[in-house]
Amino acid sequence: MKRINNGGNINYRKDRAVKYLRLSRDDGDDRESESIENQRDIIENFIKNNDDLEDVGEYIDDGYTGTIQKIYQDLEETI
(Lines give C-alpha, C1' and ligand atoms only; values in the text may rest on other atoms or scores of the structure.)
Protein backbone atom coordinates (compact mmCIF):
# COMPACT_ATOMS: atom_id res chain seq x y z
CA MET A 1 0.00 0.00 0.00
CA LYS A 2 1.33 3.41 -0.89
CA ARG A 3 1.37 6.14 1.72
CA ILE A 4 0.48 9.47 0.18
CA ASN A 5 0.82 12.80 1.97
CA ASN A 6 -2.07 14.90 0.72
CA GLY A 7 -1.60 18.38 2.20
CA GLY A 8 -1.02 17.14 5.72
CA ASN A 9 -3.51 14.28 5.44
CA ILE A 10 -2.11 10.78 5.13
CA ASN A 11 -3.91 8.57 2.63
CA TYR A 12 -3.21 4.98 1.68
CA ARG A 13 -3.68 3.71 -1.84
CA LYS A 14 -3.51 0.19 -3.20
CA ASP A 15 -1.37 -0.57 -6.22
CA ARG A 16 -3.48 -1.43 -9.25
CA ALA A 17 -2.89 -4.80 -10.90
CA VAL A 18 -4.20 -6.31 -14.11
CA LYS A 19 -4.26 -9.98 -14.95
CA TYR A 20 -2.29 -10.90 -18.10
CA LEU A 21 -3.24 -14.34 -19.39
CA ARG A 22 -1.43 -15.96 -22.32
CA LEU A 23 -3.20 -18.56 -24.43
CA SER A 24 -0.94 -21.52 -25.11
CA ARG A 25 -0.69 -22.68 -28.71
CA ASP A 26 -1.17 -26.21 -27.33
CA ASP A 27 -4.70 -25.22 -26.29
CA GLY A 28 -5.83 -25.08 -29.91
CA ASP A 29 -8.91 -23.03 -30.67
CA ASP A 30 -10.51 -23.24 -27.22
CA ARG A 31 -11.75 -19.75 -26.35
CA GLU A 32 -11.61 -20.34 -22.61
CA SER A 33 -9.00 -23.04 -22.21
CA GLU A 34 -7.96 -24.88 -19.09
CA SER A 35 -4.62 -23.07 -19.31
CA ILE A 36 -6.34 -19.68 -19.14
CA GLU A 37 -8.51 -20.79 -16.23
CA ASN A 38 -5.43 -22.00 -14.31
CA GLN A 39 -3.53 -18.79 -14.97
CA ARG A 40 -6.52 -16.72 -13.84
CA ASP A 41 -6.87 -18.73 -10.61
CA ILE A 42 -3.17 -18.35 -9.77
CA ILE A 43 -3.14 -14.60 -10.40
CA GLU A 44 -6.44 -13.98 -8.60
CA ASN A 45 -5.16 -15.87 -5.55
CA PHE A 46 -1.96 -13.84 -5.61
CA ILE A 47 -3.86 -10.55 -5.74
CA LYS A 48 -6.28 -11.71 -3.06
CA ASN A 49 -3.39 -12.65 -0.74
CA ASN A 50 -1.67 -9.26 -1.15
CA ASP A 51 -3.69 -6.56 0.57
CA ASP A 52 -1.75 -3.80 -1.18
CA LEU A 53 -3.05 -4.88 -4.62
CA GLU A 54 -6.34 -4.01 -6.30
CA ASP A 55 -7.54 -6.08 -9.28
CA VAL A 56 -8.55 -3.63 -12.01
CA GLY A 57 -8.79 -5.75 -15.13
CA GLU A 58 -7.80 -8.65 -17.30
CA TYR A 59 -6.12 -9.12 -20.67
CA ILE A 60 -6.06 -12.40 -22.56
CA ASP A 61 -3.32 -12.65 -25.19
CA ASP A 62 -4.15 -15.04 -27.97
CA GLY A 63 -0.99 -14.18 -29.90
CA TYR A 64 -2.86 -12.43 -32.69
CA THR A 65 -4.87 -9.46 -31.43
CA GLY A 66 -2.13 -7.08 -30.22
CA THR A 67 -2.87 -7.50 -26.52
CA ILE A 68 0.49 -6.08 -25.41
CA GLN A 69 -0.10 -2.93 -27.45
CA LYS A 70 -3.56 -2.58 -25.85
CA ILE A 71 -2.05 -2.88 -22.37
CA TYR A 72 0.48 -0.12 -23.15
CA GLN A 73 -2.23 2.08 -24.65
CA ASP A 74 -4.49 1.64 -21.61
CA LEU A 75 -1.54 2.33 -19.29
CA GLU A 76 -0.68 5.57 -21.08
CA GLU A 77 -4.30 6.73 -20.86
CA THR A 78 -4.41 6.21 -17.07
CA ILE A 79 -1.16 7.98 -16.23
Side-chain angles (χ1 to χ4, degrees):
M1 223 172 274
K2 296 219 189 293
R3 182 178 168 176
I4 302 166
N5 188 342
N6 185 13
N9 297 323
I10 306 272
N11 297 323
Y12 293 92
R13 183 192 68 170
K14 291 185 174 193
D15 290 323
R16 294 175 290 171
V18 296
K19 296 181 290 291
Y20 172 76
L21 313 172
R22 179 81 166 98
L23 183 63
S24 170
R25 297 208 187 272
D26 295 336
D27 293 334
D29 293 330
D30 293 344
R31 290 187 59 141
E32 187 71 10
S33 69
E34 184 176 321
S35 171
I36 292 293
E37 290 176 21
N38 290 337
Q39 291 174 54
R40 181 181 291 117
D41 288 343
I42 291 167
I43 296 169
E44 285 177 349
N45 285 330
F46 180 83
I47 293 171
K48 195 178 299 183
N49 290 320
N50 287 277
D51 293 335
D52 59 334
L53 295 177
E54 174 187 7
D55 186 353
V56 296
E58 177 177 288
Y59 295 89
I60 299 177
D61 189 345
D62 62 4
Y64 299 104
T65 59
T67 303
I68 294 294
Q69 289 81 6
K70 177 68 173 147
I71 293 171
Y72 288 134
Q73 179 184 351
D74 289 351
L75 178 61
E76 287 177 1
E77 290 174 3
T78 60
I79 294 178

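Throughout, residue positions are numbered sequentially from 1 according to the sequence presented. The figures that follow rest on heavy atoms only: side chains count, while hydrogens, waters and symmetry mates do not.
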> Can you see which heavy atom on Leu53 is nearest to which on Lys14, and at what distance?
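In terms of heavy atoms, the two residues are closest at O-CD, 3.8 Å.
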> Could I get the full list of side-chain contact (heavy atoms from CB on, under 4.5 Å) partners for Gln73, not counting sequence neighbours?
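So Gln73 forms a side-chain contact (heavy atoms from CB on, under 4.5 Å) with Lys70, Glu77.
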> Under the side chain to side chain donor-acceptor pair (under 3.5 Å) rule, collect the residues that match up with Asp55, sequence neighbours excluded.
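With neighbours one apart ignored, the set is Lys19.
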> Measuring from atom CG of Asp41 to atom CD1 of Ile36, what distance do you get when rounded to the nearest 0.5 angstrom?
11.5 Å
> Atom CD1 of Ile42 and atom CD1 of Ile47: how far apart are they, to the nearest 0.5 Å?
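Interatomic distance, Ile42 CD1 to Ile47 CD1, rounded to 0.5 Å: 12.5 Å.
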> Is it possible for you to say whether Leu75 and Val56 belong to one hydrophobic cluster, with membership spreading through side-chain heavy-atom contacts below 4.5 Å?
no
> What residues form a side-chain contact (heavy atoms from CB on, under 4.5 Å) with Asp61, not counting sequence neighbours?
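Partners of Asp61 under the side-chain contact (heavy atoms from CB on, under 4.5 Å) test: Tyr20, Arg22, Thr67, Ile68.
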> Among Leu23, Leu21, Ile60, exactly one meets side chain to side chain contact (heavy atoms under 4.5 Å, CB included) together with Gln39. Which residue is that?
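It is Leu21; the other options fail the test.
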> Test of understanding: with side chain to side chain donor-acceptor pair (under 3.5 Å), list the residues that count as partners of Tyr72, not counting sequence neighbours.
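None.
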